[in-house]
Amino acid sequence: MKTVIPRGVDDPPLMLLWPLDEFLFIVVLFGIGIMMKKLMICMGIIWITMKIYRKFRDGNPNGFFFHWLYSIGLILPKSHLVRNPFEDEYLP
């Protein structure tokens with residue numbers, strides 16, 4: 001008897017047809033296009049942004065984007081064990 005091992009266990013979560021990180025880009029830019037009443041222009045920007053992001057994502061290890069956001073200070077950890085690297089003084 002053969003054991004079937006699933007191949008997609010470590011895949012990122014999907015939303016409709018896209019991975020969650022790509023879907024968030026699409027939804028945000030689509031919403032901006034609707035609010036600005038320039039949907040066709042934003043759809044072109046979505047297409048270009050997704051091409052660039054996929055090249056960026058596929059050429060780096062998993063989690064690189066979030067580590068990069070952390071290193072430039074846009075995402076701060078929610079843990080009390082990891083100190084904020086942008087604080088100069090720590091008071092007791």
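As the structure is a prediction and not an experimental result, all values here were calculated from the model.
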> So, for G33 and C42, which heavy atoms are closest and what is the spacing to 0.1 Å?
Replying inline: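 Shortest heavy-atom contact: CA-SG, 3.4 Å.
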>> Testing the basics here: between L29 and I46, what is the closest heavy-atom pair and its distance to 0.1 Å?
In response: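 Looking at all heavy atoms of both residues, the shortest contact is CB-CG1, 3.4 Å.
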Indicate, with yes or no, if [Y] and [X] share a hydrophobic cluster defined by side-chain heavy-atom contacts under 4.5 Å among Ile, Leu, Val, Met, Phe, Trp and Tyr.
| X | Y | result |
| --- | --- | --- |
| M40 | I48 | no |
| I52 | V28 | no |
| I72 | F25 | yes |

>> Test side-chain contact (heavy atoms from CB on, under 4.5 Å) on W47 and M43; report intermediate values, then the result.
In response: CA-CA 6 Å; W47 185 74; M43 286 178 71; over 6 Å; no
Inter-residue atom distance [X].[atom1] - [Y].[atom2], 0.5 Å rounding:
| X | Y | atom1 | atom2 | value |
| --- | --- | --- | --- | --- |
| F23 | L17 | CZ | CG | 9.5 Å |
| K55 | M50 | NZ | CE | 13.5 Å |
| L24 | W18 | CG | CH2 | 12.0 Å |
| I32 | L39 | CD1 | CG | 12.0 Å |

> Crowded around F30 CZ? As in, over 12 foreign heavy atoms under 6.0 Å?
Replying inline: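 No, the 6.0 Å shell around CZ holds no more than 12 heavy atoms from other groups.
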>> Do H67 and P61 have side chains that approach each other closer than 4.5 Å (heavy atoms only, starting at C-beta)?
In response: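 No, too far: nothing below the 4.5 Å cut-off.
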